[in-house]
2 protein chains.
Amino acid sequence: MPKAESLPNITADDVAAQAGVSRWTVNRAFKKDASISPKTREKVMTAAQSLGYVPDLSAAALASTRSNLVALLIDDFANPHKLVMLEKLTRALRSRGWDTLLVNTLDSDDAAPALLNASQRRVDATILIGIQFDDEVLNAAHDARRFKKLIIFARTSENPNTISIAVDDEAATREIAQYVIRKGYQRPLYMAGPRTVSAHLLRKETFAREWKDRFDREPECIAADRYDPDLAASIAHDALKDRTAAELPDIIVCENDALALGVIDTIRHRLGLRVPQDIAVLGFDDVPQAAGHNYRLTTYRQPLTEMSNYLVDVLESQDDTVHDRKFLGRLVPRDSA
Amino acid sequence: MPKAESLPNITADDVAAQAGVSRWTVNRAFKKDASISPKTREKVMTAAQSLGYVPDLSAAALASTRSNLVALLIDDFANPHKLVMLEKLTRALRSRGWDTLLVNTLDSDDAAPALLNASQRRVDATILIGIQFDDEVLNAAHDARRFKKLIIFARTSENPNTISIAVDDEAATREIAQYVIRKGYQRPLYMAGPRTVSAHLLRKETFAREWKDRFDREPECIAADRYDPDLAASIAHDALKDRTAAELPDIIVCENDALALGVIDTIRHRLGLRVPQDIAVLGFDDVPQAAGHNYRLTTYRQPLTEMSNYLVDVLESQDDTVHDRKFLGRLVPRDSA
DNA sequence: TTGTATGCGTTATCAT
DNA sequence: ATGATAACGCATACAA
């Protein structure tokens, strides 16, 4: 028995009684394509309104094989792009009737527990937008058979157990490399991010390959193990602070904007140089700040809205065919490169 | 019957059979302070492990009066502080066993539907960190009696139907005002944000009062109706672009960092002036970028970790006493003011 | 300490 | 088109 003060829930039975129909008819009235006469539906809905009834999705999830709930596993909160992704994803999901369970993957040991945590809520799919999932964890999760769908969003993965929805990193990076070459840069420095699932470092490798194809030499590379502007700033500073002008790169190509923003700060405020005149900078993602008057960052924009909508398409699809998909974004030239 | 391919769920009954106990004993093994002998618990846990059993929280929520699930309603995604809040909150919640349902309040008409949406998942509490909730919506929600706890986080509210966990805006703003006065600024411009729940514009009003108490005149004020750096940049530009040097403020005090960052960009890149020499800028929140080499923003830091932990305390408290609480943060002086 | 009946609010399936 | 039966997986309350 619940506590005295908490007044009893209004259930479908209550509505049924009020409307003079059965509980199952009430259920049908709330379902889109149910075989129910418009008249009874009307009657039911009126009763429901007057009682303030809304279906209990928790009970619905228990009774059926679908919950209309997805888990979104996230980390890497220093990366401003994560906020944009959260907005786009939750908007697409909610506007099409899906709820989101947000799971903060607290640290590197927490990937598996986080995954388990999600599965305990009967989610219909688990979406990964973090960076702490390696193939080992993914395969373990798959083997445990706890997941209907495991989706890696905005990050290429070649793991056969997951659905990957991402931009075509190779095509994008080729476009970036061609842009850098066309603009006449000679001494690029590539700043990579942390390694992630199977296709890790795809961008870096593609850039290096393109550069080598053209100039027959490898570009210089450095890496940050988090997508954190401050960390990127420090690493760039360490790498460049003792160099003569001739030794400096003429452009720093960053794996994403989070790194690029920190790099620009270092160039300007710690090295006392100008962007792009002394060192140009190029990013990836097109975070909101990239467009602002301070950074004017040349970057590559992912079609996040389209990708989010496709993700919901995948959720709603019945068939078990492969749903991996690569999207094409576009280079947004601004003033930084 | 579920579809053929989806293998049957492992339930407490399965574990009970394997361990040779009853289903209810399995239940006890998974409960913290249950009266169960260490030996049987051990036996049950072994069986559970071998079968890969974990309790179904969906079913648990249905059967009990608690779900260990909270809804987090959010909007205002242009404000970088939201990402920090999301991280702190989900970390505190998850590390103490609470799950988070993230609800994107899509637009201003969506506040009530979003609230309803949350309630359908049997959440134990609803946390509001958005700006689209006015007293009308809150009172309606309260009257519908759908919410056990309605918590407004990081925003002062005087609505009697909600629990407000926030910094003491008046104390904080007084500290800010004293700092501005002590530093000898003469012509402040206050930039306010959107109006929100009952205590809206508390910061602006407190600053104006402090200033008036000291100099017997009102400070100039402008406002942005979203916490968006770009919008703040435009508004600041419009307000200042045609002024002579003597007409310009010597400091712009912003309701939060989201506004301050945009204001700094405008001062530097559109007005061609220096911060703080020509115009100083002061913020609120201490977002990550505030500490970076580019902005070096003087701002006021909220004790978000402490506040998040207190929020979980409130969730776990049984009593129905008032839980409103104001926290004290601290002013972080950097180079911008 | 352990076992048992009953209920949570819905949906799948079958019957009318 | 509507009604009825039996789960869904667990928790509460009580009995043993």
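The analysis underlying the following values was restricted to heavy atoms, covering all of them including side chains, and did not include hydrogens, waters or symmetry mates. Labels below follow one simple rule: chain letters A, B, ... track the order of the sequence lines, proteins then strands, and each chain is numbered from 1.
OP1 or OP2 of dT2(D) lies within a sub-4.0 Å distance of a side-chain N or O belonging to T40(A). Considering only side-chain N and O atoms, N9(A) lies under 4.0 angstrom from the phosphate OP1 or OP2 of dG9(C).
Among the heavy atoms of the strands lying under 4.0 Å from R122(B) are primed sugar atoms or P, OP1, OP2 only; no base atom is included. Counting any heavy atom pair closer than 4.0 Å across all strands shown, S58(B) reaches no nucleic acid atom. At the heavy-atom level, F30(A) lies nowhere under 4.0 Å from the strands shown. Nucleic acid contact for I36(B): sugar-phosphate only, since backbone atoms but no base atoms lie under 4.0 Å from a heavy atom of the residue. At the heavy-atom level, K31(B) lies under 4.0 Å from the strands shown only through sugar-phosphate atoms.
Look at CZ on R66(A): it is 18 Å from P on dT10(C), rounded to the nearest Å. I10(B) places its CD1 atom 11 Å from the P atom of dG9(D), with the value rounded to the nearest Å. Atom P of nucleotide dT10(C) and atom CG of D13(A) are separated by 8 Å, given to the nearest angstrom. Summarising the geometry, the separation between CG on D14(A) and P on dG9(C) is reported as 9 Å, rounded to the nearest angstrom. Between the CG atom of L62(A) and the P atom of dA7(D) there is a distance of 14 Å, given to the nearest Å. Rounded to an integer number of Å, the gap from CG of D56(B) to C1' of dG9(D) is 6 Å. If you measure from atom CZ of R41(A) to atom P of dA1(D), you get 11 Å, rounded to the nearest angstrom. Rounded to whole Å, the distance from CD on E42(A) to P on dA1(D) is 17 Å.
Of the candidates dA12(C), dG9(D), dA1(D), dG9(D) carries the atom nearest the A63(B) side chain, counting heavy atoms from C-beta on. The A60(B) side chain lies nearest to dC10(D) when the options are dT2(C), dT12(D), dC10(D).
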Distances for protein N or O near nucleotides 3-6 of chain C N or O, under 3.5 Å:
unit_1: dG3(C); atom_1: OP2; unit_2: S22(B); atom_2: N; d: 3.1
unit_1: dG3(C); atom_1: OP2; unit_2: S22(B); atom_2: OG; d: 2.9
unit_1: dG3(C); atom_1: OP2; unit_2: T25(B); atom_2: OG1; d: 2.4
unit_1: dG3(C); atom_1: N7; unit_2: R28(B); atom_2: NH1; d: 3.4
unit_1: dG3(C); atom_1: N7; unit_2: R28(B); atom_2: NH2; d: 3.4
unit_1: dG3(C); atom_1: O6; unit_2: R28(B); atom_2: NH2; d: 2.4
unit_1: dA5(C); atom_1: N6; unit_2: W24(B); atom_2: NE1; d: 2.6

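Side-chain contact of N159(B) with N139(B): a donor-acceptor pair under 3.5 Å is present, judged by distance alone.
Ion pair R226(A)/D76(A) not flagged as a salt bridge, since none of the NZ, NE, NH1 or NH2 atoms sits closer than 4.0 Å to an Asp/Glu carboxylate oxygen.
In terms of modelled atom types and a separation under 3.5 Å, the side chain of D124(B) and the main chain of K148(B) share no donor-acceptor contact. Between the side chain of T25(A) and the backbone N or O of V21(A) there is no donor-acceptor pair closer than 3.5 Å.
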Go through V84(A) and Q302(A) one step at a time and tell me if the side-chain contact (heavy atoms from CB on, under 4.5 Å) criterion holds.
CA-CA 11 Å; V84(A) 179; Q302(A) 307 190 37; over 6 Å; no

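Screening residues 106-120 of chain B for salt bridge (charged side-chain N to carboxylate O under 4.0 Å, His left out) gives R94(A)-D110(B) as the qualifying pairs, with residues at least two apart or on separate chains.
Both T11(A) and S37(B) lie close to DNA chain C; mapped to their nearest nucleotides by heavy-atom distance, the more 5′-ward contact belongs to S37(B).
A search for side-chain contact (heavy atoms from CB on, under 4.5 Å) contacts involving E42(B) returns T46(B), not counting sequence neighbours.
When L72(B), N309(B), L311(B) are each tested for a side-chain contact (heavy atoms from CB on, under 4.5 Å) with L93(B), only one passes: L311(B).
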